[in-house]
Amino acid sequence: MESIGRGENLNQPLLGGDGDQANKSLASRVWIESKKLWHILGPYIFFRLSTFSLNIITQAFAGHLGDVELAAISISVTVILGFSYGLLLGMASALETLCGQAFGAKRYDLLGIYLQRSWIVLFLCCFLLLPMYIFAAPILKYLGQPDDVAELSGILAIWLIPILFSSAFYLPINKFLLSQQKTRVLTVVPLVALAVNLMTNWLFVYVFDFGVVGAAVALDISWWVLTSVLFGYVVLGWCPFTWSGFSIQALSGLWEFVKLSAGSGVMLCLENWYYRILLLMTGNLEDTTTAFDALSVCMNINGWEVTIPFCFLAATGVRVANELGAGNGKAAKFATKVSLVQSTIIGLFFGAVILILREKIALIFTSAPDVLQEVDKLSSLLAITVLFNSVQPVLSGVAVGSGWQATIAYINLGCYYVIGLPLGCVMGWVFNWGVMGVWAGMIFGGTAVQTIMLVIITVLNDWEKEAEVARKRVQRWSNDTEDSNQSKDQAF
């Protein structure tokens, strides 16, 4: 198996003596932890960038069909699909806590059961999300979007329903593989999906002239290819220690799993939805199409770059969960420090690149002069957002790895929706600063406050206590599974 048996224990004291020896010991520990982190992070960054590029390629094809088409595909993919994806991603993140800690505790038998429970919960949740797709057009009109954009977005939303259901299977598999550090497969599969996406977009948009609907269908096919290959990888024998086949045990303990998944879902979807709401709010501004197109470009660039911090979130969650599950509280703390420093350095680099290139980065999506000029104005806010996003996801990863999802959900709700959104509305409409005011208010009122609070919680955390909590969690879920097995045996 790819990763079982791997991993050195970082919970060791610095070598005593002179300062040079201590520094060498610290450098050695940083190097060892960095190798563990990047064993997960490197392939996963490639995976996330590749899968996010599926959406970007589709929007790029549609964007050259016209401004309305670009706005419609941006809303349908970034807002509608993004809303549901954010909730399902958050719910699937419960596996980062459970699978990560079980893997660290060497209870490999539990991982396959957790995966099947997550499939059940997320698949049922998809039916609850269907009305948002079916009634997308009237919802968007009510929220202030122009009629032509709302109508076309509603049509595209119907065509994107297959991606909703593919996410219910793909996201748990993703977390299942990541928690046991099986990352090599994640570097190969997206290449297949990207090739399919480019080919189908070219065929449906340009050869068959299906227009923007053809771009949506191409995206459906690409995501289901990705999901099918990963599903086959898991169930056809490449995870022998953690997958032993479908089991009736997955139906036991579902309510406890739903509660943890709901906490994870609320935590991450509140954060994921935050900037998608920013896109919707621009529908009520003057010169809506230009403002929306410029903001869509910025959000796509931010989404492209933020895949790296989100990979840090996942990798940090895995490292923290693995170490806590193994009872190594100090190692989990050290992993957090290493991840936070490296993510911040990367964020500073990309923020500088955005400020240097400014409006030129928008040429990927459009050549309209008014949109390019608007992107140039927004580039400073984009750079600040990138910097905050290099810190906050790492701290969220610590929360996921430790199982604090419910607590962080309350923090996200308060910071983003009680402080950030109202401040954005005030700066956008009361002070008449337009999209820049809305975005600035949401950054400094929501994201900044949330980041500060997460820093305080992480600094004050008792890591040894968290390791004990993780041990008890693995034991409790193990007992639930064993009790279920005993009951079935007695029934027969």
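Keep in mind that this is a model prediction, so the values were computed, not measured.
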Check the pair F127, F165 against ring-ring contact (aromatic ring centres under 6.0 Å, His included), reporting the backbone distance first and the verdict last.
CA-CA 9 Å; F127 289 96; F165 284 93; 5.2 Å; yes

Main-chain N/O of [Y] paired to [X] side chain as donor or acceptor, under 3.5 Å:
X	Y	result
S343	S390	yes
S74	L70	yes
S402	A399	no
S339	T336	no
N197	A193	no

Could you tell me whether [X] and [Y] make a salt bridge, using a distance below 4.0 angstrom between a side-chain N and a carboxylate O?
X	Y	result
E468	K465	no
E151	K141	yes
K337	E33	no

Looking only at side-chain N and O atoms, does W404 offer a donor or acceptor that is under 3.5 Å from a partner on E466?
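On atom types as modelled, these side chains qualify, holding a pair under 3.5 Å.
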
Is it the case that Y114 and S179 place a side-chain donor and acceptor less than 3.5 Å from each other?
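Checked: Y114/S179 side chains show no N/O donor-acceptor pair below 3.5 Å.
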
To the nearest 0.5 angstrom, please state how far the [atom1] atom of [X] sits from the [atom2] atom of [Y].
X	Y	atom1	atom2	result
L54	D220	CG	CG	11.5 Å
S153	I80	OG	CD1	6.0 Å
L37	T316	CG	OG1	6.0 Å
T58	L156	OG1	CG	11.0 Å
L81	L164	CG	CG	7.5 Å
N55	I163	CG	CD1	7.0 Å

Is there a side-chain contact between [X] and [Y] in this structure, where contact means two heavy atoms from C-beta onward sitting under 4.5 Å apart?
X	Y	result
V121	P172	no
I408	L454	yes
M442	L421	yes
Q59	L219	no
I45	W38	yes
L177	L230	yes
S166	Y170	no
K330	E464	yes

What are the two closest heavy atoms between [X] and [Y], and how far apart are they?
X	Y	answer
I173	L115	N-CD1, 3.7 Å
T97	A321	O-CB, 4.4 Å
S50	L194	O-CD2, 3.5 Å
P43	T187	CB-CG2, 3.2 Å
L324	G401	CD1-O, 4.0 Å
K175	S93	CE-OG, 3.9 Å

Please assess F312 against N389 for the test side-chain contact (heavy atoms from CB on, under 4.5 Å), listing each intermediate value before the final yes or no.
CA-CA 10 Å; F312 270 94; N389 284 341; over 6 Å; no

Over 12 foreign heavy atoms within 6.0 Å of CE, M132:
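Yes, the 6.0 Å shell around CE holds more than 12 heavy atoms from other groups.
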
Run the side-chain contact (heavy atoms from CB on, under 4.5 Å) test on Y233 and C239 for me, step by step, so that the C-alpha distance in whole Å, both residues' side-chain angles and the decisive distance to 0.1 Å come before the verdict.
CA-CA 8 Å; Y233 180 86; C239 299; 3.9 Å; yes

All pairs passing salt bridge (charged side-chain N to carboxylate O under 4.0 Å, His left out) where residues 128-138 contributes a residue, at least two apart:
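Every pair satisfying salt bridge (charged side-chain N to carboxylate O under 4.0 Å, His left out) with a residue in residues 128-138: there are none.
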
Tell me if the centroids of the rings in W159 and F210 come within less than 6.0 Å of each other.
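No, too far apart.
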
Of all residues at least two apart in sequence or in a different chain, which pass the ring-ring contact (aromatic ring centres under 6.0 Å, His included) check with F246?
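So F246 forms a ring-ring contact (aromatic ring centres under 6.0 Å, His included) with W243.
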
Test: R29 cationic atom under 6.0 Å from F334 six-membered ring centre, within 45° of axis
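The answer is yes, since R29 meets both limits relative to F334.
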
Tell me every residue that passes side chain to side chain donor-acceptor pair (under 3.5 Å) with E305, counting only those two or more places apart in sequence or in another chain.
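Result, side chain to side chain donor-acceptor pair (under 3.5 Å) vs E305: none returned.
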
Between C126 and L88, is the side-chain contact (heavy atoms from CB on, under 4.5 Å) condition met? List the steps.
CA-CA 8 Å; C126 286; L88 296 176; 4.0 Å; yes

For N322 and Q181, what are the C-alpha separation, side-chain angles and deciding distance, and is it a side-chain contact (heavy atoms from CB on, under 4.5 Å)?
CA-CA 10 Å; N322 287 169; Q181 303 178 33; 3.0 Å; yes

